[in-house]
Amino acid sequence: MQETWDTVERLVAWLDAETPLSPDAARLLRVLKITEEAGEVAEAVHGATLANPRKGNSHTWDDVQTELCDVILTSMVALKTLTPDAAKVFEERLAHVTERSLKH
């Protein structure tokens with residue numbers, strides 16, 4: 001998992017170097033980007049389930065998987081933007097949710 005967080009750190013550094021925005025604006029927009037990506041998941045689900053007859057079968061479940069990965073990656077980038085200890089924060093939260101959910 002450390003390799004994944006190292007890659008996320010490189011992506012954040014690249015985004016930081018390329019953005020014309022202030023750090024505060026970039027941070028805000030990276031968090032908001034999660035919602036955009038989640039909307040793309042919803043669109044893919046609609047397309048995979050034929051929920052919109054006008055568009056038909058516009059997506060597959062593989063598309064849904066791809067969009068879910070984009071949500072996860074975008075969330076990791078946002079978290080790393082908020083704190084240099086993103087991996088630790090995530091691991092602690094995972095442990096908390098796991099303990100709360102699987103303690104039975």
Side-chain angles (χ1 to χ4, degrees):
M1 187 72 164
Q2 185 57 48
E3 183 178 331
T4 298
W5 283 107
D6 290 345
T7 301
V8 169
E9 185 171 352
R10 289 181 23 236
L11 288 169
V12 169
W14 170 73
L15 286 168
D16 287 347
E18 294 295 322
T19 186
L21 302 171
S22 71
D24 287 343
R27 179 178 53 230
L28 176 63
L29 291 175
R30 288 177 195 169
V31 171
L32 292 176
K33 180 79 172 162
I34 298 165
T35 303
E36 178 187 335
E37 296 296 343
E40 292 176 14
V41 172
E43 180 181 9
V45 169
H46 284 172
T49 60
L50 303 171
N52 185 342
R54 184 177 57 79
K55 291 186 178 181
N57 188 10
S58 60
H59 292 78
T60 67
W61 286 104
D62 285 343
D63 295 326
V64 175
Q65 291 175 28
T66 298
E67 296 300 342
L68 285 169
C69 289
D70 288 351
V71 170
I72 294 166
L73 178 56
T74 302
S75 298
M76 293 175 82
V77 166
L79 184 58
K80 183 66 178 175
T81 299
L82 293 175
T83 176
D85 296 324
K88 180 179 180 235
V89 169
F90 179 77
E91 290 299 324
E92 288 173 354
R93 185 63 185 165
L94 179 60
H96 172 79
V97 171
T98 301
E99 172 63 25
R100 181 185 68 204
S101 301
L102 301 178
K103 67 180 178 183
H104 302 290

Is [Y] reachable from [X] through a run of I, L, V, M, F, W or Y residues, each pair having side-chain heavy atoms under 4.5 Å apart?
X	Y	answer
Trp61	Val41	yes
Leu21	Trp14	no
Leu94	Val89	yes
Leu11	Leu68	no
Leu32	Ile34	no

Original post:
Can you find a heavy atom in the side chain of Leu79 that is under 4.5 Å from one in the side chain of Met76?
Top reply: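 Contact flag for Leu79/Met76 side chains = no.
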
Original post:
Does Leu73 reach the side chain of Val8, with side-chain heavy atoms less than 4.5 Å apart?
Top reply: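 Heavy-atom side-chain distance check passes, below 4.5 Å.
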
**OP:** For Thr19 and Leu29, run side-chain contact (heavy atoms from CB on, under 4.5 Å): C-alpha distance rounded to whole Å, both residues' side-chain angles, the deciding distance at 0.1 Å, then the answer.
**Re:** CA-CA 11 Å; Thr19 186; Leu29 291 175; over 6 Å; no

Subject >> From Thr4 atom OG1 to Met1 atom CE, the distance as rounded to the nearest 0.5 Å >> reply: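 Reported to 0.5 Å precision, the distance equals 5.5 Å.
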
Original post:
Looking at OG of Ser75 and CD of Glu37, how far apart are the two atoms once the value is rounded to the nearest 0.5 Å?
Top reply: 9.0 Å

**OP:** State, to 0.1 Å, how close Ala48 and Thr60 come at their nearest heavy-atom pair, and which atoms those are.
**Re:** CB-C, 3.9 Å

Original post:
Can you name the closest pair of heavy atoms from Lys33 and Thr74 and give their distance?
Top reply: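 In terms of heavy atoms, the two residues are closest at CG-CG2, 3.5 Å.
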
**OP:** Please check if atom CD in Gln2 has more than 12 non-hydrogen atoms from other residues, nucleotides or ligands closer than 6.0 Å.
**Re:** yes

**OP:** Kindly give the cluster partners of Val31, where membership spreads through any ILVMFWY side chain lying under 4.5 Å from a current member.
**Re:** Leu82

Subject >> For Leu15, all residues meeting side-chain contact (heavy atoms from CB on, under 4.5 Å), sequence neighbours excluded >> reply: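 In terms of side-chain contact (heavy atoms from CB on, under 4.5 Å), with neighbours along the sequence ignored, Leu15 is linked to Arg30, Val77.
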
Original post:
Quick one: salt bridge (Lys or Arg N to Asp or Glu O under 4.0 Å) pairs with a partner in residues 61-87, sequence neighbours left out?
Top reply: Glu9-Lys80

Subject >> Stepwise side-chain contact (heavy atoms from CB on, under 4.5 Å) test for Lys88 and Glu92 >> reply: CA-CA 6 Å; Lys88 180 179 180 235; Glu92 288 173 354; 3.1 Å; yes

